[in-house]
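Reviewing the structure listed below.
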Amino acid sequence: MTNSTMTNSTMTDDRRTDRTENPQSKAWQTVRKGPSRHWVGDGFPVASVLSPQPGRDGVDPFLLMDHAGPAEFAPAERPRGVDSHPHRGFETVTVVFQGELEHRDSAGNSGSIAAGDVQWMTAGSGVLHEEKHSAEFTRQGGVLEMVQLWVNLPARDKMTSPRYQELLADDIPTVPLGDGAGQIRLIAGAFGEVQGAATTVTPVTLWDVRLAAGGRASLPSPEGHSAAVYVRQGELRLAADSTVAAGELAIFERSGSQVDLEALADSEFLFLGGEPLDEPIAAHGPFVMNTRQEIVQAIDDLRAGRFGTLG
Ligand code: MN
């Protein structure tokens with residue numbers, strides 16, 4: 001959400017294996033436990049599950065994943081959140097699970113998103129962005145939970161014009177899964193004949209999955225694509241002796257064409273991946289470009305007021 005997420009890099013790679021059971025099945029490579037939470041602005045206690053750090057094995061084209069909450073907020077007068085901050089070179093995707101947020105940006109977009117809704121913002125050449133608890137949520141208080149992801153843009157599209165997709169819960173297709181044991185909400189990426197809600201620049205998959213205890217699923221993931229699972233609630237089994245618990249991210253090998261898993265408890269998780277960009281990353285706080293020179297240019301452009309204004 002802001003550059004403060006860059007300061008926390010204490011994720012641990014605590015298990016590694018390359019075992020697999022079905023030859024079509026992607027073997028899991030790493031299971032990472034998220035770090036302890038830190039505050040982003042005064043509104044979002046987040047665990048940074050992924051960070052845009054060169055040299056780490058990631059989930060290309062995903063750069064960052066922050067999981068905020070679930071956290072209870074008392075009724076208040078002044079909305080908490082993150083004041084004006086820039087972004088350039090990627091997209092920010094905000095998925096709300098509980099509570100309500102309001103956001104606006106210097107491209108003139110604004111709106112509020114509540115449980116089930118998604119904001120997919122293409123920062124491209126640059127916006128100023130503000131993210132706050134909604135006025136209503138602030139007044140009433142309650143539980144807030146959301147995930148924010150940063151999706152990288154390919155070099156040719158990093159300076160594209162900013163745009164914005166508001167994907168309300170009713171706009172996001174849901175497909176049943178695992179013999180009635182669950183469902184997938186297709187935020188981005190097709191499942192069979194059903195298209196995901198978001199328009200993406202490169203092939204990106206982002207699914208919000210629920211699977212009841214004992215349910216099994218084989219999630220398609222094309223050969224060569226990145227794939228990862230982040231468990232928000234419950235616990236999944238990936239192979240005979242490997243599990244992913246709440247707060248953990250499992251990253252899979254690119255080879256294979258599906259991800260097989262089983263819910264050991266009623267589980268809610270995000271399935272993410274896509275076609276890797278495999279391009280150099282130069283990351284500096286809210287700017288993610290390909291070269292250091294482009295970072296210097298971004299800082300210069302921000303200082304010169306070329307990111308516009310947020311009135
Ligand atoms: Mn932002």
Side-chain angles (χ1 to χ4, degrees), residues 1-9 35 38-46 48-56 58 60-66 68 78-94 101-113 119-133 146-166 200-202 277 279-311:
M1 302 183 65
T2 74
N3 53 3
S4 69
T5 59
M6 296 296 294
T7 60
N8 199 321
S9 59
H38 64 283
W39 283 89
V40 175
D42 65 358
F44 306 104
V46 310
S48 287
V49 180
L50 269 180
S51 302
Q53 293 165 358
R56 289 196 71 88
D60 190 359
F62 286 88
L63 295 163
L64 172 144
M65 182 192 303
D66 277 354
R78 188 188 57 82
R80 290 166 166 258
V82 187
D83 292 326
S84 178
H85 57 278
H87 294 292
R88 173 179 280 183
F90 55 93
E91 302 179 294
T92 70
V93 178
T94 306
L101 305 179
E102 282 174 6
H103 58 88
R104 57 198 187 106
D105 66 49
S106 54
N109 300 304
S110 64
S112 61
I113 46 174
Q119 184 211 15
W120 195 294
M121 184 185 74
T122 307
S125 61
V127 293
L128 300 178
H129 195 211
E130 182 188 86
E131 297 160 86
K132 301 273 186 178
H133 297 187
M146 58 90 122
V147 167
Q148 184 165 97
L149 299 129
W150 290 5
V151 181
N152 205 4
L153 289 167
R156 66 173 184 277
D157 291 307
K158 280 193 174 289
M159 295 298 282
T160 193
S161 296
R163 61 183 180 274
Y164 163 75
Q165 300 171 68
E166 186 174 76
T200 64
V201 174
T202 60
L277 302 179
E279 293 178 341
I281 289 175
H284 181 79
F287 308 129
V288 183
M289 304 301 287
N290 302 110
T291 67
R292 282 213 58 76
Q293 182 52 43
E294 290 168 336
I295 294 294
V296 170
Q297 184 67 52
I299 294 167
D300 197 46
D301 287 349
L302 179 66
R303 283 186 183 142
R306 295 187 197 108
F307 280 63
T309 54
L310 195 56

Is the F287 ring parallel, tilted or perpendicular to the H284 ring (thresholds 30°, 60°)? parallel

Side chains of L128 and L302: does their closest heavy-atom pair fall under 4.5 Å? yes

Within the distance-only criterion (no hydrogens, no angle test), does the side chain of D300 pair as donor or acceptor with the backbone N or O of R303 below 3.5 angstrom? no

Min side-chain heavy-atom separation N290-I281 under 4.5 Å: no

Shortest non-hydrogen contact between V288 and K158, atoms and distance: O-NZ, 2.8 Å

Check: F90 and L63 side chains under 4.5 Å, non-hydrogen atoms: yes

Which value, rounded to the nearest 0.5 Å, describes the distance between D60 atom CG and L277 atom CG? 4.5 Å

Residue pair T160, T122: steps toward the side chain to side chain contact (heavy atoms under 4.5 Å, CB included) verdict: CA-CA 8 Å; T160 193; T122 307; 4.0 Å; yes

Any heavy-atom pair between the side chains of L64 and S48 that's under 4.5 Å? no

Which heavy-atom pair separates V127 from S106 by the least distance, and what is that distance? CA-OG, 3.4 Å

Name all residues meeting the side-chain contact (heavy atoms from CB on, under 4.5 Å) criterion together with Q165; count only those two or more places apart in sequence or in a different chain, and write none if there are none. W120, L167, A198, T199

Applying side chain to side chain contact (heavy atoms under 4.5 Å, CB included) to Q119 and V93, what does each step give before you reach the verdict? CA-CA 6 Å; Q119 184 211 15; V93 178; over 6 Å; no

R80 CZ to W39 CH2 distance, which is reported to the nearest 0.5 Å: 5.0 Å

Apply the test side chain to side chain contact (heavy atoms under 4.5 Å, CB included) to residues R163 and N109: give CA-CA distance (whole Å), side-chain angles for both, the deciding distance (0.1 Å), then the verdict. CA-CA 8 Å; R163 61 183 180 274; N109 300 304; over 6 Å; no

Mind checking whether S125 and P162 have side chains closer than 4.5 Å, heavy atoms only? yes

P52 to A283 - nearest heavy-atom pair and separation: O-CB, 3.4 Å

Main-chain N/O of Q293 paired with Q297 side-chain donor or acceptor, under 3.5 Å: no

Counting only heavy atoms not in R306 (residues, nucleotides, ligands), do more than 12 fall under 6.0 Å from its CZ? yes

Does G43 offer a backbone N or O that forms a donor-acceptor pair with the side chain of H133 under 3.5 Å? yes

Is a side-chain donor or acceptor of R104 paired with a backbone partner of E130 at a separation under 3.5 angstrom? no

Which heavy-atom pair separates D105 from M121 by the least distance, and what is that distance? OD2-SD, 3.7 Å

For the residue pair Y164 and H103, categorise the inter-ring angle as parallel (less than 30°), tilted (30 to 60°) or perpendicular (more than 60°). tilted

List for me each residue that meets salt bridge (Lys or Arg N to Asp or Glu O under 4.0 Å) alongside E102, sequence neighbours excluded, and say none if there are none. none

Any side-chain heavy atom of T94 sitting closer than 4.5 Å to one from M146? yes

Heavy-atom check, side chain of E131 versus side chain of Q148, under 4.5 Å: yes

For A298 and F307, which heavy atoms make the closest approach, and how far apart are they? O-CE1, 3.7 Å

Are R88 and M289 close enough that some pair of their side-chain heavy atoms sits under 4.5 Å apart? yes

Electrostatic pair D42:R78 at N-O distance under 4.0 angstrom: yes

Run the side chain to side chain contact (heavy atoms under 4.5 Å, CB included) check on L101 and K132 step by step: do they pass? CA-CA 6 Å; L101 305 179; K132 301 273 186 178; over 6 Å; no

Is it true that a side-chain atom of T200 and a backbone atom of T202 form a donor plus acceptor pair closer than 3.5 Å? yes

Distance from H85 atom NE2 to L310 atom CG, nearest 0.5 Å? 9.5 Å

Under 3.5 Å, is there a donor-acceptor pair between the side chain of E279 and the main chain of A155? yes

